[in-house]
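Comments concern the structure below.
Starting from 1, each residue takes its place in the sequence as its number. Treat the numbers as computed from the prediction; the structure is a model and nothing was measured.
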Amino acid sequence: MIRVKHTVLGAASAVLLATLVGCGSSGTDAGGSLSVGRLVTISEEVGKDGADKCPLPYDVAEAAEAAGLGEGIEPGAAGAEASEPHATAEGGKTTDPQSAWAGKAGAWITCSYHVGTEDLDVHTVGTEAGNAVNVLLPTTQKAAGMSVDETKAYWEKTDRAKPGEPVPSKGGNVVTVRLDSGGKDDVVLLLTVGEDDKSKLKPEQVLELAKTFASQAG
């Protein structure tokens, strides 16, 4: 299994996720270029050891400028060893019923950065069936420090959002954007900065970062 920053759900959250898995949209028919097939191919190229740079076309310098950051976005997690990968991925098909990719193609690519001492992660997830937001719920919940009820409310907002429409968490350190997959696949970008609903960046800066990364995807 390829190393990815996954989060394990508590019992109550697991029940919520099980409830939501069968719900919601499964993509858009509008035109686009970042398909699940492409994500799967990229995840296979990244391989089990990860990569020393992000395999997706995210321009962090452009994003930092758009957000008005006073310091640059550097590759790799804060405090990470030089040998640790800056990008990790998993994807493909499996018959394992516990896998997010059971019986369907999908991929999760994480590009890790830091701003000062804070981690900044850009997660890009796609699935050819179901709702990609569901796959990200544990990570979203932990990074935003949300309760089960808050997680459900946030999920409902992201499910209603149109492609390209950013949905920030209450504290503003997490933003989800459903991307235009160019078909019926579902592809989602999740940006997390800091942890537990806290970041030294302003909510509007995190929002601008997410909007810029989403515009670069594809």
Worksheet item: Mind checking whether Leu39 and Asp185 have side chains closer than 4.5 Å, heavy atoms only?
Response: no

Scan the side chains in residues 162-172 for donor-acceptor partners under 3.5 Å anywhere in the protein, sequence neighbours excluded, and list what turns up.
residue : atom : partner : partner atom : Å
Glu165  : OE1  : Lys162  : N            : 3.1
Ser169  : OG   : Gly172  : N            : 3.2
Ser169  : OG   : Val174  : N            : 3.3
Ser169  : OG   : Val174  : O            : 3.4

Worksheet item: With a 4.5 Å heavy-atom cut-off, do Leu136 and Thr176 have their side chains touching?
Response: no

Worksheet item: Can you check whether Thr110 reaches Thr139 side chain to side chain, under 4.5 Å on heavy atoms?
Response: no

Response to the item:
Residue set satisfying salt bridge (charged side-chain N to carboxylate O under 4.0 Å, His left out) with Glu118, at least two apart, ordered chain then number -> none

Discussion item. Counting C-beta onward and ignoring hydrogens, is there a side-chain heavy-atom pair between Lys157 and Arg160 closer than 4.5 Å?
Written reply: yes

Worksheet item: Are any of the side-chain heavy atoms of Leu191 and Leu120 separated by less than 4.5 Å?
Response: yes

Worksheet item: Side-chain contact, heavy-atom cut-off 4.5 Å: Val46 with Thr88?
Response: no

Worksheet item: Tell me, which pairs form a disulfide (SG to SG under 2.5 Å) where one or both residues lie in residues 96-128, sequence neighbours left out?
Response: Cys54-Cys111

Discussion item. Is there a side-chain contact between Val125 and Leu190 in this structure, where contact means two heavy atoms from C-beta onward sitting under 4.5 Å apart?
Written reply: no

Fill in: Qualifying salt bridge (Lys or Arg N to Asp or Glu O under 4.0 Å) pairs with a residue from residues 62-82, counting only residues at least two apart or across chains
Glu71-Lys200

Practice prompt. Scan residues 167-218 for pairs that pass disulfide (SG to SG under 2.5 Å), counting only residues two or more places apart or in two chains.
Written response: none

Worksheet item: Could you give all pairs that pass the disulfide (SG to SG under 2.5 Å) test and reach residues 158-192, with sequence neighbours left out?
Response: none

Response to the item:
Tested for side-chain hydrogen bond (donor to acceptor under 3.5 Å, both in side chains) against Arg178, the lone hit among Asp186, Asp159, Thr158 is Asp186

Item to complete: Evaluate the side-chain proximity of Phe213 to Val175: yes if any heavy-atom separation is below 4.5 Å, no if none is.
Response: no

